[in-house]
Chemist: 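Can you keep this structure in mind? I'll have questions shortly.
Sequence lines set the chain letters: A, B, ... in the order given, protein chains first and strands last, and positions in each chain run from 1. In what follows, every heavy atom counts, from backbone to side chain, and hydrogens, waters and symmetry copies are set aside.
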Amino acid sequence: MCYRNEMSSKSLPSTVRVRFAPSPTGQIHIGNIRAAIFNWLFARHHGGKFLLRIEDTDRERSTPEAVQGLLDALEWLGLDYDEPPVYQTDEFPRHLEAVETLLARGHAYRGTKGEGGEVVFFRMPGEDMIFEDAVKGRLEKKAKDLPDFVILRSNGTPVFHLANVVDDITMGITHVIRGDDHVENTFRHIALFRALGATVPHYAHLPMIVNAQGKPYSKRDGAAFVGEFREKGYLPEALFNYLALLGWSPGGDREILTRKEMIALFDFAQVQSSPAQMDVRKLDWMNAEYIRRMPFELFVERFQAAMEKGGVFSDPPDPAYLRRVAALMQVRTHHFPDLPAMAGFFFREDFAWDEKTVRKRLLKPGIPDLVRKYRNVLTTLPRFEASFLEEALQATANVQGVPAADLIHAVRVAVSGLGVGPGLFEMLETLGRARVLARLEVALQRYGMAGEEGAKEHGAS
RNA sequence: GCGCCCAUCGUCUAUCGGUCAGGACACCAGGUUUUCAUCCUGGUAAGCCGGGUUCGACUCCCGGUGGGCGCGCCA
């Protein structure tokens with residue numbers, strides 16, 4: 001037997017029907033969600049249907065929370081399905097019906113195995129089998145390696161293979177796209193489709209996602225569940241893009257693609273058949289890239305949300321001020337959850353002092369004095385704008401014969417508590433004269449007296 | 001143990017018998033930014049090993065090695 005697979009064809013009829021069939025027994029693993037992404041991309045590419053089947057027959061481990069988590073994850077990633085989800089437990093009668101059919105046609109027989117009671121076995125055709133996998137190519141198996149197997153347990157419930165195939169028939173699935181770990185099962189599934197008189201679907205088995213040791217990627221290797229990436233502040237678009245490219249190459253030298261582009265380019269001919277290693281650093285780069293390319297208005301929204309989540313605001317922020325700060329932060333944001341620590345000082349006076357930077361930049365001979373002089377100049381600066389602020393600073397430093405950089409760094413830490421951040425002058429302009437003057441005063445009070453050698457212990461309290 | 005599958009820079013990959021083996025991430029160096037980030041330049045870095053086939057192999061074949069998956073009354 002041989003079943004040709006035409007999944008790489010560019011011109012499939014618009015009757016393509018694929019499904020994502022997870023078991024709701026916990027959080028959704030990224031390997032799993034990638035299978036969903038590939039199914040979705042394939043369906044959208046061919047104008048077909050992407051369906052969802054929840055394989056909740058494992059009553060012990062399936063929970064309503066897990067089902068909800070699953071639906072949330074799909075929504076978050078924008079993996080919309082075209083028909084109401086099918087719950088496998090609802091299909092139970094059909095499974096039993098199929099068993100009867102197989103029994104009646106002689107494709108199945110009753111028997112016993114091990115200690116248990118009577119079960120129903122499926123009778124394999126007893127011949128060598130071959131099928132064409134869209135990513136792995138021609139796969140074959142000798143008849144002797146394809147033994148009969150149980151399809152109905154002694155307690156009367158169907159096993160995975162039977163339920164899976166029956167549901168695929170019921171749902172009219174034309175292409176089965178799933179994880180590599182199901183490759184060997186495919187021979188059994190094909191035999192079942194045949195025995196039930198159904199059309200055998202096309203198959204595509206996706207390579208696994210592995211860790212640095214080449215072992216299946218798990219929680220021990222870092223974030224492994226969709227929910228974790230979401231909590232860590234990754235954008236769904238970035239995770240989607242990264243996962244789509246893990247094992248698939250859109251051709252050319254493309255890395256960042258819109259969904260539309262991915263849909264247009266998706267093809268199993270370009271899917272790798274060897275395992276892919278998860279590289280969080282590239283995901284991080286991609287996430288930052290998506291943040292940089294994000295429309296400013298959207299960034300402002302997300303920025304505000306992240307700051308709120310970090311408990312930064314004591315009062316609702318002034319919209320205009322918020323936007324000005326956001327404009328300074330967008331290009332240097334890698335993860336939204338980092339923002340409260342990076343930009344919290346823009347919104348509250350009780351920001352943390354990075355003592356190491358304070359010692360390095362502020363607690364040096366003559367520097368507090370210099371900061372004091374600059375502060376005095378600022379009180380009368382005609383316009384509190386970047387260019388004026390810079391000119392004034394240069395002048396102040398020059399007069400004292402000190403490198404401007406020394407004063408810049410000192411002022412930065414004095415007004416923000418940090419050693420890094422946006423350009424100093426635009427930062428000062430954004431903060432505004434009142435805040436800057438007040439903060440410089442506070443810093444001088446706090447650290448100013450420790451400006452001379454031997455007085456450092458006063459500083460870091 | 002048996003069976004099936006896989007193998008290009010550290011990582012993701014391009015290549016589909018003839019390329020200086022290309023790109024991206026990461027890393028290193030330089031420039032811009034007086035910080036960080038961004039941005040721009042440049043650089044280091046790969047065909048698992050051994051046989052064939054061929055005028056010519058990363059590409060095809062065989063063997064080896066390494067790795068993965070499967071072999072449930074789990075899914």
Chemist: Hunt down the Watson-Crick or G-U wobble partner of C4(B), both distances under 3.5 Å, from any strand shown, or write none.
Modeler: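 With both distances under 3.5 Å, C4(B) matches G68(B).
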Chemist: Can you find a side chain N or O atom of Lys215(A) that sits less than 4.0 Å from OP1 or OP2 on G67(B)?
Modeler: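 For G67(B), OP1/OP2 do not have a side-chain N/O of Lys215(A) under 4.0 Å.
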Chemist: Fit a plane to each ring of Tyr109(A) and Phe121(A), take the angle between them on a 0 to 90° scale, and name the class: parallel (under 30°), tilted (30 to 60°) or perpendicular (over 60°).
Modeler: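 The rings of Tyr109(A) and Phe121(A) lie parallel, inter-plane angle below 30°.
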Chemist: Heavy atoms under 4.0 Å, any strand shown: does Arg254(A) hit a base, just sugar-phosphate, or nothing?
Modeler: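 Arg254(A): no heavy atom of the nucleic acid under 4.0 Å.
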Chemist: Which part of the nucleic acid does Leu418(A) contact within heavy-atom distance under 4.0 Å: base, sugar-phosphate only, or nothing?
Modeler: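 If one applies the 4.0 Å heavy-atom cut-off, Leu418(A) turns out to touch nothing in the nucleic acid.
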Chemist: Show me the pairs that pass side-chain hydrogen bond (donor to acceptor under 3.5 Å, both in side chains) and involve residues 282-292 of chain A, at least two apart or across chains.
Modeler: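 Only Tyr234(A)-Asp284(A), Asn241(A)-Tyr290(A), Glu255(A)-Lys282(A), Asp284(A)-His335(A), Glu289(A)-Arg292(A), Glu289(A)-Arg293(A) qualify under side-chain hydrogen bond (donor to acceptor under 3.5 Å, both in side chains).
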Chemist: Please report the distance separating the C1' of C9(B) from the corresponding atom of C58(B), rounded so that it comes out in whole Å.
Modeler: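 Approximately 13 Å lies between the C1' atom of C9(B) and that of C58(B).
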Chemist: Roughly how far apart, to the nearest Å, are U38(B) and G31(B) at atom C1'?
Modeler: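 Their C1' atoms lie roughly 14 Å apart.
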Chemist: Can you check whether Phe266(A) and Trp248(A) have ring centres sitting under 6.0 Å from each other?
Modeler: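 Under 6.0 Å, so yes.
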Chemist: Please find out if less than 6.0 Å separates the ring center of Phe160(A) from that of His182(A).
Modeler: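 Centroid distance Phe160(A)-His182(A): below 6.0 Å, so yes.
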Chemist: Considering only heavy atoms and no angle criterion, is a donor-acceptor pair shorter than 3.5 Å present between the side chain of Arg332(A) and the base of C36(B)?
Modeler: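 For Arg332(A), whose side chain was compared with the base of C36(B), there is a donor-acceptor pair (under 3.5 Å).
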Chemist: Please name the nucleotide paired to C16(B) by Watson-Crick or G-U wobble geometry with both distances under 3.5 Å, or report none.
Modeler: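 Per the H-bond distance test, none.
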Chemist: If a protein heavy atom is under 4.0 Å from the base, mark B; if only from the sugar-phosphate, S; if neither, -; do that for nucleotides 70-75 of chain B going 5' to 3'.
Modeler: S-SBSB
Chemist: When you measure from the centre of the six-membered ring of Phe122(A), is the NZ or CZ of Arg188(A) under 6.0 Å away and within 45° of the axis?
Modeler: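 No, cation not above the ring by the 6.0 Å, 45° rule.
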Chemist: OP1 or OP2 of G67(B) less than 4.0 angstrom from a side-chain nitrogen or oxygen of Gln213(A), does that happen here?
Modeler: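 For G67(B), neither OP1 nor OP2 has a side-chain N or O of Gln213(A) closer than 4.0 Å.
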Chemist: My understanding is that a pair needs two contacts under 3.5 Å, Watson-Crick or G-U wobble. By that rule, which nucleotide pairs with G10(B)?
Modeler: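 Checking every strand shown, G10(B) finds its partner in C25(B), with both distances under 3.5 Å.
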